[in-house]
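Presented below is the structure to which this report refers.
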Amino acid sequence: MSAVRKVLVQGGGIGGLTLATALARRGIEVDVAEATGPGSVLGVGLNQPNNALAALEEIGVREACLEVGFPFETLTIWNTPGLEVAAVPPPEGRYGKPSNNAISRPLYSGILRTAAEKAGANIITGVTVREMAEHSTGIDVELATWTGKHGAALRRKGAPSSRYDLVVGFDGVRSRIRAHLFADTYTPTFTGFANWRVKMPRPADLNQIRFVMDKDVKAVLTPISADEMYIALVTPEPGNPRHHPADFLRLVHERMRGFSGPLGALRDSITGAHEINYTPLEHVTVREPWYRGRVAIAGDAAHTSPPHLAQGAAMAVEDAVTLATALAEHSALPVALDAWYARRRDRALFVADMSLALLKQEMRADMTPDEQEMVKLGIPGAQARLAQEAY
Ligand SMILES: Cc1cc2nc3c(=O)[nH]c(=O)nc-3n(C[C@H](O)[C@H](O)[C@H](O)COP(=O)(O)OP(=O)(O)OC[C@H]3O[C@@H](n4cnc5c(N)ncnc54)[C@H](O)[C@@H]3O)c2cc1C
């Protein structure tokens, strides 16, 4: 018998929708409380490494992702004038081909939402958990209207509270469920760097991810479909400034001024008509069990890192499918959660720690002795470990 019959997932992002689908497909009743609406997915695209594709196969959406995405194998490194200087082949591993599939974030989210609804999950938008009261036989939850990330949730008159066996916070880097469990013991730390992203038409010769480094600015070109790609820039942003969106275009041009050749031409073609996303890069890692009683956290809520291994969402998806498996395999909830955390901890924290160390190495920021030791593995070594180790 499963450890749970009814689960509330807070957060209908990549991890939350994957968990909802995995549980609902096992006949478990699932409500998803998502703060924002379906049309509000942030960001442009992301890469799904093959370990993520394997986990997505477990909820039946791997093929749908490959159909709309851009599969590829090798990563290439170019110099600032636009000449290829190195190619990094994918590591041999247990997850098969393609080694990567880059995909539009809104399309990915749509695929996961459709799968969750088809499996029978109930997605409630515009809400968040307001109160939780835990009992020996369940946890009573009151949902309230979401009023924004700085606002207090608004009580809904007459809204009944519902009883669940488990509440899972898949509510991202600023998780309120994490704060409920650990108060301010774990809060996001700004790395000193940020990410700019611009969606553009795909040049015909961009058939895999291409990295270009110019002193302290890194550019990554990622094809996400036959027609589209995005440029992502990692730049130093000392003091975590709050740039005004009206300045984004000028700032992107300024930060790309060191590039010439094809990348310089791409920079010059970015105009006010392009949507530009700006994300300060933060990290937070919870280094004790990701649950207490009937409340757990997973994905970015438990471990957020810079995107330097392109594995954050992959870890969220892995967390989700392994949690569903553990809850189905064990009849006692504490045993299930314990088994899940033991299975996930080292792999997810390795990605978080290694990604942060790689960011610091690339940007020549101060590293701890542990980080100096870690980066000796390099990106190919880290990728090989992730490709060979079972999630
Ligand atoms: C610049 C950048 C590039 C990246 N590139 C990659 C990549 O190529 N490959 C990769 O694998 N990963 C990548 N990542 C990481 C990836 O985006 C995250 O790890 C992933 O989105 C985490 O999924 P999640 O479901 O845990 O959280 P999220 O995707 O953040 O979802 C959280 C959800 O919870 C909702 N929510 C938040 N608070 C509440 C609340 N109080 N109540 C209700 N709902 C709430 C949010 O609206 C959101 O829908 C990148 C990250 C960044 C910043």
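In this text the structure is predicted, and so the values were computed from the model without any measurement. Start at 1 and go down the list; that is how both ligands and their atoms are numbered. If you read the sequence from its start, that first residue is 1, and numbering goes on from there.
Summary of contacts: the protein heavy atom closest to atom 50 (C) of ligand 1 is Arg105 NH2, 3.4 Å. The closest protein non-hydrogen atom to atom 42 (N) of ligand 1 is Thr128 OG1, 2.8 Å. Scanning the protein for heavy atoms near atom 26 (O) of ligand 1, the closest one is Asp300 N, 2.9 Å. For atom 29 (O) of ligand 1, the nearest non-hydrogen atom of the protein is Ile14 N, 4.0 Å. Protein heavy atom in closest approach to atom 49 (O) of ligand 1: Glu34 OE1, 2.8 Å. Closest to atom 30 (O) of ligand 1, if we only count protein heavy atoms, is Gly172 CA, 3.8 Å. What sits closest to atom 10 (C) of ligand 1 on the protein, heavy atoms only, is Ala313 N, 3.4 Å. In this structure, the protein non-hydrogen atom closest to atom 6 (C) of ligand 1 is Leu46 CB, 3.9 Å.
Looking at Lys376 and Glu371, no side-chain N of the basic residue comes within less than 4.0 Å of a carboxylate O on the acidic one, giving no salt bridge. Taking 4.0 Å as the cut-off between side-chain N and carboxylate O, Arg155 and Glu142 count as a salt-bridged pair. A salt bridge is absent between Glu288 and Arg345: the closest approach of a Lys/Arg side-chain nitrogen to an acidic carboxylate oxygen does not fall below 4.0 angstrom. One finds a salt bridge joining Arg344 and Glu318 here, because a Lys/Arg side-chain nitrogen approaches an Asp/Glu carboxylate oxygen to under 4.0 Å. Salt bridge present: Asp353 and Arg287 bring a charged side-chain N and a carboxylate O closer than 4.0 Å. The residues Asp140 and Arg163 are annotated as salt-bridged, a charged nitrogen and a carboxylate oxygen being separated by less than 4.0 angstrom.
With ligand atoms numbered from 1 in the order given, ligand 1 contributes 7 (C), 8 (O), 9 (N), 10 (C), 11 (O) to contacts under 4.0 Å with heavy atoms of Asn47. The atoms of ligand 1 that sit less than 4.0 Å from any heavy atom of Phe170 are 26 (O), 32 (C), 33 (C), 34 (O). Annotation for ligand 1: atoms under 4.0 Å from non-hydrogen atoms of Ala33 are 43 (C), 44 (N). Remark: ligand 1 atoms within the under-4.0 Å shell around heavy atoms of Asn195 are 1 (C). Distances below 4.0 Å separate heavy atoms of Gly299 from the following atoms of ligand 1: 26 (O). Shown in contact with Thr36 at under 4.0 Å from a heavy atom are these atoms of ligand 1, numbered in order with element: 47 (O). Close approach of ligand 1 to Ala314 is summarised as follows: ligand atoms under 4.0 Å from at least one heavy atom of the residue are 11 (O). Of all atoms in ligand 1, listed by their number and element, those nearer than 4.0 Å to a heavy atom of Gly11 are 33 (C), 34 (O), 35 (C), 44 (N).
When heavy-atom distances to ligand 1 are checked against a 4.0 Å cut-off, Val127 comes that close only through its backbone atoms N, CA, C and O. Heavy atoms of Ala316 found under 4.0 angstrom from ligand 1 belong exclusively to the side chain. With a heavy-atom cut-off of 4.0 Å, Ala310 touches ligand 1 through backbone and side chain alike.
Between Thr279 and ligand 1, no pair of N/O atoms sits closer than 3.5 Å. Where the criterion is an N or O separation shorter than 3.5 Å, residue side chain and backbone included, Gln10 meets it with respect to ligand 1.
For the residue pair Arg197 and Thr279, a side-chain donor N or O sits within less than 3.5 Å of a side-chain acceptor on the partner. Gln10 and Thr128 are linked by a side-chain donor-acceptor pair at a separation below 3.5 angstrom, with hydrogens and angles left out of the test.
Taking 4.5 Å as the limit, every side-chain heavy atom of Lys218 sits out of range of all side-chain heavy atoms of Leu233. You'll find the side chain of Arg174 reaches within 4.5 Å of the side chain of Pro188, heavy atoms only.
Checking Ala179, Pro49, Gly15, Ala144 against atom 25 (O) of ligand 1, the nearest heavy atom belongs to Gly15. For atom 43 (C) of ligand 1, the nearest non-hydrogen atom from the set Ala35, Ser305, Ala320 comes from Ala35.
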Which donor-acceptor pairs under 3.5 Å do side chains of residues 378-385 form with protein atoms, sequence neighbours excluded?
{"from": "Arg385", "atom 1": "NE", "to": "Glu389", "atom 2": "OE2", "distance (Å)": "3.3"}

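For the pair Lys199 and Tyr230, the cation-pi test (distance below 6.0 Å, angle within 45°) is failed.
Between Phe248 and His243, the ring centre distance reaches or exceeds 6.0 Å. Outside the 6.0 Å centre-distance limit, the rings of Tyr291 and Trp340 are not counted as a close aromatic pair.
Put simply, part of Arg197 is less than 4.0 Å from ligand 1, judged by heavy atoms.
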